[in-house]
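Written below as structure tokens is the structure these notes are about.
Chain naming here is simple, since letters A, B, ... match the order of the sequence lines and numbering starts at 1 in each.
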Amino acid sequence: MIHRYKNNGYNIVLDVNSGAVHIVDDPVYELLGLLGDNCEKIEDECPADILGKLAGEYGENEVCGMYDEVVALHKADQLYSSDDYAQFADKMVSSPLKAMCLHVSHDCNLRCKYCFAGQGVYGGDKKIMSLEVAKAAIDFLIEKSQGRRNLEMDFFGGEPLMNMEVIKSTVEYGRSLEKKHGKVFRFTATTNGMLLDNETSEFLNREMNNVVLSLDGRREVNDAMRPNVGGRGSYHTIVPKYQHFVNIRGERDYYVRGTFTKNNLDFSKDVLHMTELGFNQVSVEPVVSDPELPFSIKENDLPRVFEEYDLLAKLIIERRKAGKGFNFFHFMIDLDQGPCAIKRMRGCGCGNEYAAVDPDGDIYPCHQFVGQPEWKMGSVLSGEYDLDMKQRFAHATVYDKEDCRKCWAKFYCSGGCNANNQQYEGDILRPHTLSCKLEKKRLECAIMIKVALSE
Amino acid sequence: MNHIKTINKQNLKQTAVKGGCGECQASCQSACKTSCTVANQKCENSSNIGK
């Protein structure tokens, strides 16, 4: 299978099963179109029907020469390479648990209008996680991670900094067990920044491998969607705190992360605004929400969104060439040493190697399933753990998802977000169509950027 | 080649054989928390790097 597309003046061809990327001239682009994206057998000689269609314009010898190049790449397993992956997908077994999203606070000091977590409470009551539950979560993660060295724990909410003392004690507890159990904890935090004072910033900078700082971009965009409890915008409070934080962060990972909605389809301006504020690790993502909500992105918004992604991609190339580059999370792609095919087949790890734990210690497949009783997997306090559900998620590979199996983007998005699949399509194995379309566009831009920067 | 320029020769198939060590970051923990782009994750298995 190949995927060929035109973007920014390039004819780009992705060989899906090998991951090879080529740029081709117009005649070969046309030739590949005649062969088709899913051509399963490449003959040594140019098929007569194709020769007949192209020889008039390009000449027989030239067409044969073009075809020979296609054959050579096919034989090198870099074009129309075979799909040998189903055998690996069939053997997928449940993995050790290695990543946990710890909901230390089901309470929030902002009232973001698109919040998937229902203003932080996930359909329940306001709750703060006790240290007892947090320690039990650490113990559970260590116990269930046999065979894994690197463990991840993300402090999440609601707003996690509303429970800072438990975060500090949990980190201390985790660190105290690393040597004994041969583990390395990689702590991360996702915060709205409202409580990010100097002391907290120093702690997070010291202990967190990555910190995600929420900001939607321009002041008016951010404040329209991210007001505080009193209805006042959060921009003026959080931006100086983020700037201080990033200044002392050094080279360590962070992301300033925003959400764009129907209200700011010109979101490249928000990305640029973030860079002007001094942030060079940026993620701005489309809202995923009930289509009935007024700010939701719908099918008819996609042409405008795609136009904006194209604009942003060109801007990133210009900035990179001028030595003023920044990272836009969804355009980051590693064509050479990215994740292995096994990882790409299963993606996010939700419900399998990744789980979320709520303030009561209840376990869910991921943070987006929290609060839905039918998706409760167990409890870190009782030790109960639904291994059947875990196995179900372990087998949610791109080869188990019918729409993904035949999709060119399957090794880049890895089947999408299982929680969104369930919420909007009714099945973890049925990919959320709108998200797929957005992801494919982002991937096309990401590959194009690589092509442009390789010249 | 006169008509095709190869930008990248990655062969994913080789990484399937030695892959799956599970030490790399869970993608949802990276930045997004809502949507997946797995291909930007770093491989942490030295036996796969460079394949």
Derivation of the side-chain contact (heavy atoms from CB on, under 4.5 Å) call for B:Cys24 and A:Lys343: CA-CA 9 Å; B:Cys24 58; A:Lys343 165 89 169 186; 3.5 Å; yes
If one checks every heavy atom of A:Val21 against chain B at 4.5 Å, the contacting part turns out to be both
Q.
Is it the case that atom CD in A:Gln146 sees more than 12 heavy atoms from other parts of the structure closer than 6.0 Å?
A. no
Closest non-hydrogen atoms of A:Cys340 and B:Gly20, given as atom of the first, atom of the second and distance, are SG-N, 3.2 Å
Requested in this report: Might you work through the side-chain contact (heavy atoms from CB on, under 4.5 Å) test for A:Asp77 and B:Asn11, ending with a clear yes or no?
Outcome: CA-CA 8 Å; A:Asp77 224 15; B:Asn11 201 322; 3.6 Å; yes
Tell me, yes or no, whether the heavy-atom count around B:Lys9 atom NZ, taken from other residues, nucleotides or ligands under 6.0 Å, exceeds 12.
-> no
Taken to the nearest 0.5 Å, the spacing of A:Leu151 CG from B:Glu23 CD works out to 8.0 Å
Value for CD1 (A:Ile342) from OG1 (B:Thr15), rounded to nearest 0.5 Å, stands at 7.0 Å
So OG of A:Ser454 and NZ of B:Lys5: to nearest 0.5 Å the spacing works out to 5.0 Å
Backbone N/O of B:Lys13 and side chain of A:Tyr85: donor-acceptor pair under 3.5 Å: yes
Main-chain N/O of B:Asn2 paired to A:Glu69 side chain as donor or acceptor, under 3.5 Å:
yes
Do A:Leu73 and B:Ile4 touch side chain to side chain, with heavy atoms closer than 4.5 Å?
yes
On a heavy-atom basis, the closest approach of B:Cys43 and A:Gly338 is CB-O, 3.5 Å
Compare all side-chain heavy atoms of B:His3 with those of A:Glu62 and state whether any distance is below 4.5 angstrom. yes
Bottom line for A:Ser81: the part with an atom under 4.5 Å from chain B's heavy atoms is both
Interatomic distance, CD1@A:Ile447 vs CG@B:Asn8, rounded to 0.5 Å, equals 9.0 Å
Bottom line for A:Val70: the part with an atom under 4.5 Å from chain B's heavy atoms is both
All heavy atoms of A:Val16 vs all of B:Leu12, minimum pair found to be O-CD1, 4.3 Å
Among A:Ile333, A:Val28, A:Asn150, A:Val24, the residue with the most heavy-atom pairs under 4.5 Å to chain B is A:Asn150
Residue from A:Asp26, A:Val13, A:Asp84 scoring the most non-hydrogen pairs under 4.5 Å with chain B is A:Asp84
Notebook entry, point to check: Under 4.0 Å between a Lys/Arg side-chain N and an Asp/Glu carboxylate O for B:Glu44 and A:Arg186?
Noted result: yes
